[in-house]
Amino acid sequence: MAEKRMFSKKITDSDSFIEMGSAAQALYFHLNQGADDDGFNNQIQIAMLKAHASTDDLKVLMAKNFIIRFESGVIVIKHWRVHNTLRKDRYTATNFQDELRALGIKDNGSYSLLKDSGCQTVAKRLPQIRIDKYRLDKIRLDKSNKYIKAIFKSKKPIANDSSSLLETIKKIVDYLNLKTNSNFRYSNKATQRKIKARLDEGYILDDFIVVINKKTKEWLNNAEFNKYLCPETLFGTKFEKYLNQKVIVKGQSLDSISMEDINDAIAREMRGG
């Protein structure tokens, strides 16, 4: 798969794109950067975390037809072939062949579901060939660009200045709300104290994500324990124990969350919206 992505100013300078909020725009760039060579991406939650984006920002991209989302949870960048073309020797076909077969390509190069009118099947437009005369209209974006730095994955303790601290607390609480379909407030003083205490002990954002993933997997569908999926319990004095435990569900040891889990969480949030 190619390591660099490009963007057409016809899309990113359009009124429809510019009028979106900065988080929605950043999410679009991250979804593009993480997509395969056909424009498909199933790492939506990772892109949302990198972009400091919410499910509402994902909904905006869908409503404005910048992305198409399938029932499987996979998304495709609608204008992928407006942005990117690859030489045959650099192109790797997508693994999401079922979703690809559901798409056609309009004359302007944008994807469209086959049930829509005015598009050819994707197969008629592959493989892709780069046309150099269009490169002047493109914006190169590689992994050093400011839009695609993994800003949420610092391996150092979070600084204690108020703006950085509140930003970190908000990301943690937002992720907990997404996973549990809850509405905890990051401005709650008790919640802030719990999270700050753990950060002061040297834990990082990734540690909170791991704890939320593990305990959600263990407790979410358990009527007796799902009431404990709250900041007071998760981020309290048992945080280290939760972080290091092996979660056993139906005889399996689960050390990390799967993409199916992520898609389920997003689907629950969108149904609730």
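Bear in mind that the values here come from a model prediction, so they are computed numbers and not experimental data.
- If you look at F70 and F96, their ring centroids are not closer than 6.0 Å.
- Taking CD from Q245 and CD from E240, the interatomic distance works out to 12.5 Å, rounded to the nearest 0.5 Å.
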Evaluate salt bridge (Lys or Arg N to Asp or Glu O under 4.0 Å) for K215 paired with E218, printing each intermediate quantity in order.
CA-CA 5 Å; K215 303 313 289 185; E218 182 182 5; 2.7 Å; yes
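- Within a 6.0 Å radius of CD in E201, more than 12 heavy atoms belonging to other residues, nucleotides or ligands are found.
- Side-chain contact between L199 and L205: absent, with no pair of heavy atoms (C-beta onward) separated by less than 4.5 Å.
- Enclosure of atom CG in N244 by more than 12 non-hydrogen atoms of other residues, nucleotides or ligands within 6.0 angstrom is indicated.
- Annotation for A35 and R5: closest pair O-NH2, 2.8 Å, computed over non-hydrogen atoms.
- Q97 places a side-chain N or O within donor-acceptor distance of the main-chain N or O of T94, the cut-off being under 3.5 Å.
- Of the possible polar contacts, one joining the D207 side chain to the I204 backbone as a donor-acceptor pair under 3.5 Å is found.
- Side-chain contact between I11 and Y28 is present, with heavy atoms from C-beta onward closer than 4.5 Å.
- Defined by atom type and a distance below 3.5 Å, a donor-acceptor pair is missing between the side-chain atoms of N222 and Y228.
- Looking at heavy atoms from C-beta onward, F66 lies in side-chain contact with M20 at the 4.5 angstrom threshold.
- Considering only heavy atoms from C-beta on, Y203 comes within 4.5 Å of L243 through its side chain.
- Without hydrogens or angle criteria, N41 side chain to I75 main chain gives no donor-acceptor distance under 3.5 Å.
- Using a 3.5 Å distance cut-off with no hydrogens or angles, the side chains of D38 and Y91 do pair a donor with an acceptor.
- R101 has a carboxylate O that lies under 4.0 Å from a charged side-chain N of D98, or vice versa, which qualifies the two as a salt bridge.
- Heavy atoms only, all atoms of each residue included: V74 and N42 are closest at CG2-CB, 4.0 Å.
- H79 and H83 have perpendicular rings, their planes meeting at more than 60° on a 0 to 90° scale where under 30° would count as parallel.
- The backbone N or O of S54 lies less than 3.5 Å from a partner atom in the side chain of D57, making a donor-acceptor pair.
- Distance alone, capped at 3.5 Å, is enough to place a donor-acceptor pair between the R198 side chain and the G236 backbone.
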Take K196 and D200 through the test side-chain contact (heavy atoms from CB on, under 4.5 Å) and record every step on the way to the result.
CA-CA 6 Å; K196 184 178 184 301; D200 288 344; 2.9 Å; yes
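- No side-chain donor-acceptor contact under 3.5 Å links K50 and Q33.
- Distance check, rounded to the nearest 0.5 Å: CD1 of I44 to CG of L27 gives 9.0 Å.
- Heavy-atom minimum distance, T12 versus I18: O-CG1, 3.9 Å.
- Listed here is the closest heavy atom pair of A24 and L61: O-CD2, 3.7 Å.
- Using a distance-only test at 3.5 Å, with no hydrogens or angles considered, a donor-acceptor pair links the side chain of W80 to the main chain of D37.
- Side chains of P231 and K194 form no contact here, defined as non-hydrogen atoms less than 4.5 Å apart.
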side-chain contact (heavy atoms from CB on, under 4.5 Å) between L234 and L176, intermediate numbers included:
CA-CA 10 Å; L234 296 179; L176 176 61; 3.6 Å; yes
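- Counting non-hydrogen atoms of other residues, nucleotides and ligands closer than 6.0 Å to CD of E19 gives a total above 12.
- Interatomic distance, L178 CG to I212 CD1, rounded to the nearest 0.5 Å: 9.5 Å.
- In terms of modelled atom types and a separation under 3.5 Å, the side chain of N213 and the main chain of I209 share a donor-acceptor contact.
- Side-chain atoms of T233 do not come within 3.5 Å of backbone N or O of L229 as any donor-acceptor pair.
- Using modelled atom types, no side-chain atom of E232 and backbone atom of T191 make a donor-acceptor pair closer than 3.5 Å.
- Salt-bridge annotation for D174 and K179: absent, with no side-chain N of the basic residue lying under 4.0 Å from a carboxylate O of the acidic one.
- Heavy atoms only, all atoms of each residue included: S14 and K10 are closest at CB-O, 3.6 Å.
- Here the side chains of I77 and F40 are not in contact, with every heavy-atom distance at 4.5 Å or above.
- Less than 6.0 angstrom separates the ring centroid of F239 from the ring centroid of F208.
- Of all non-hydrogen atoms in N108 and S110, the two that sit nearest each other are OD1-OG, 2.8 Å.
- Side-chain N or O atoms of N177 include one that pairs as donor or acceptor with a backbone N or O of F184 at under 3.5 Å.
- By the 4.5 Å heavy-atom criterion applied to side chains, V76 and L103 are counted as neighbours.
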Working note: M48 + H30, criterion side-chain contact (heavy atoms from CB on, under 4.5 Å); need CA distance, chi angles, decisive distance, verdict.
CA-CA 8 Å; M48 290 171 65; H30 281 286; over 6 Å; no
Dump the intermediate steps for side-chain contact (heavy atoms from CB on, under 4.5 Å) on L166 and Q192, then the final yes or no.
CA-CA 8 Å; L166 283 177; Q192 291 182 5; 3.6 Å; yes
